[in-house]
Amino acid sequence: IIDRDPVQIAISTGGASPVLARLLRTRLETLIPAAYGRMAEVMGSFREQVQARFTGINQRRRFWEDILHGPIAEMMLAGQEKAAIESLEYALEHNVASHQGEVYLVGAGPGDPDLLTFRAVRLMQQAEVVLYDRLVAPAILEMVRRDADLIYVGKQKNNHAMPQEEINALLVKLAKEGKRVLRLKGGDPFIFGRGGEEIDTLSEEGVAFQIVPGITAAAGCASYAGIPLTHRDYAQSCVFITGHLKDGSVELNWDALIHPHQTVVVYMGLTGIKSLSAGLIGRGLSPDKPAALVSKGTTREQEVFVTTIGELPKVVEENNISAPTLIIIGEVVTLHGKLSWFKPALESHPGTK
Ligand code: SAH
C-alpha cells in the first residue's frame, strides 16, 4: 500500500513476486509527493461548491483538470496552502483556473544527478522554460522536460553570458507570459547563488515563485571526499566563505577564520588562493593546517588534493586543476585518508592523494 491518506494505492502481483511489488512501490513512492493526501482533502472540501457551481460533469472535470495541472496544485505541493485555497476560491467564483505563470528557483546540487531532490525532478518535468547556469551539469539538464526551451544564462568568471539584471527581468517576462519557468542553479540557490536577488525582482513584480533547496557544494564535496565538516574531536563549527576577489584583495573577517576547532570552506577560491593562504597564515593560522582542494566534486571527474594551507598555492600551480573547485581547511581534512569512499572510474590525476 502507498498511503497518502485519503489517497491509497495498492499494488499486487497476485502473489507472483512480492519483491517486484516492493520495487514498484518504492518507485511510485518517489513519484507521488507526500502532500497529495492534503491536496485530496482540500479538493474534497470544495466538492460541493464545485458541484453547485458547475452543473455539467464535463465542466466540472475540466475545472479540476485545470486546477490539478496548474499553479494552484503546485502551491499546495509547495506548502503554500493558504494561497492555494484562496486561489481556488477565486477560480471557482470567476470560473477561471488561473493561467498565471510562475517561477521555480531550484538548486540542482553539485553535479551528481542522483543528488537532486524529488521536488527538483518533478518541477524539471513540468517547466516549459529553463534558465540554467554554467555550473549545472549536462547530465542534470538531460532530465528536464524534452520539449522545454533551454536558455543558457552563463556566469563564467568575468564572462557573464547575461547580466544579473537581465536574468531577473527575463524571469519576470516569461512568467508574465503565463509560462512555468525553472531557474536551475548549481548547488543551493541561497548559498553564494544570488538566488535572493532573483526572487526580489519576482516578488516586486507580483510573480508567484517557489524555492527548492539543493545540496550545496560544501556538503556534496565533503561527503564525496570523505571529509566531515564537523567532528566531535576536530571541529565544532564550520563557516562557508567566498574567496572571490573584487579587486585583487580578499575582504574577509580574518580573525573569525583562524579559530582552532573550526572548518573553513572556501567557495570560488581558486584564483585568489595565494592571497587567501597568505592572509590566513599572516593572521596566525599555522601553515601546516590541513587543507583539501576538491575539483569537480561528486562527478565522475572528481579529484581531491590533500595538502596544507601553506602548500596549497603550490599544489594549485603545479597541477592542472579544473573548476569548479572547493577548498576545505581544518583538521577534519586528515580524515580523508580513512573515510574516502568515492572512487570514480576515471584514472586519478598524478599528485592526487
Ligand atoms: N550555489 C552554489 C555555489 C555557487 S558559487 C552551491 O550552493 O554550491 C560557485 C562555486 O561553488 C564554485 O566556484 C566552487 O567553489 C563551488 N562548487 C560548485 N560546484 C562544485 C563542485 N561540483 N565541486 C567543487 N566545487 C563546486
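For this chain, numbers begin at 1 and follow the sequence in order. Atoms within a ligand are numbered from 1 in the order they appear, just like the ligands themselves.
Where the criterion is an N or O separation shorter than 3.5 Å, residue side chain and backbone included, Ala217 meets it with respect to ligand 1. The shortest N or O to N or O distance between Thr325 and ligand 1 is below 3.5 Å. When only interatomic distances are considered, the shortest N/O to N/O separation between Thr216 and ligand 1 falls below 3.5 Å. Checked by distance only, ligand 1 and Pro110 come closer than 3.5 Å through their nitrogen or oxygen atoms. Not one N or O of Thr298 is nearer than 3.5 Å to an N or O of ligand 1, by distance alone. Between Gly193 and ligand 1, no N or O atom pair is found at a separation short of 3.5 Å. Geometrically, ligand 1 and Val266 share no nitrogen or oxygen pair separated by less than 3.5 Å.
Within the 6.0 Å centre-distance limit, the rings of Phe63 and Phe54 are counted as a close aromatic pair.
Distances below 4.0 Å separate heavy atoms of Leu326 from the following atoms of ligand 1: 24 (C), 25 (N).
In terms of modelled atom types and a separation under 3.5 Å, the side chain of Glu205 and the main chain of Thr201 share no donor-acceptor contact.
Among protein heavy atoms, the minimum distance from atom 5 (S) of ligand 1 is reached at Phe192 O, 3.5 Å.
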Salt bridge (charged side-chain N to carboxylate O under 4.0 Å, His left out) between Glu177 and Lys173, worked out:
CA-CA 6 Å; Glu177 287 169 5; Lys173 176 175 163 281; 3.3 Å; yes
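Here Lys185 has no heavy atoms under 4.0 Å from ligand 1, in either its backbone or its side chain.
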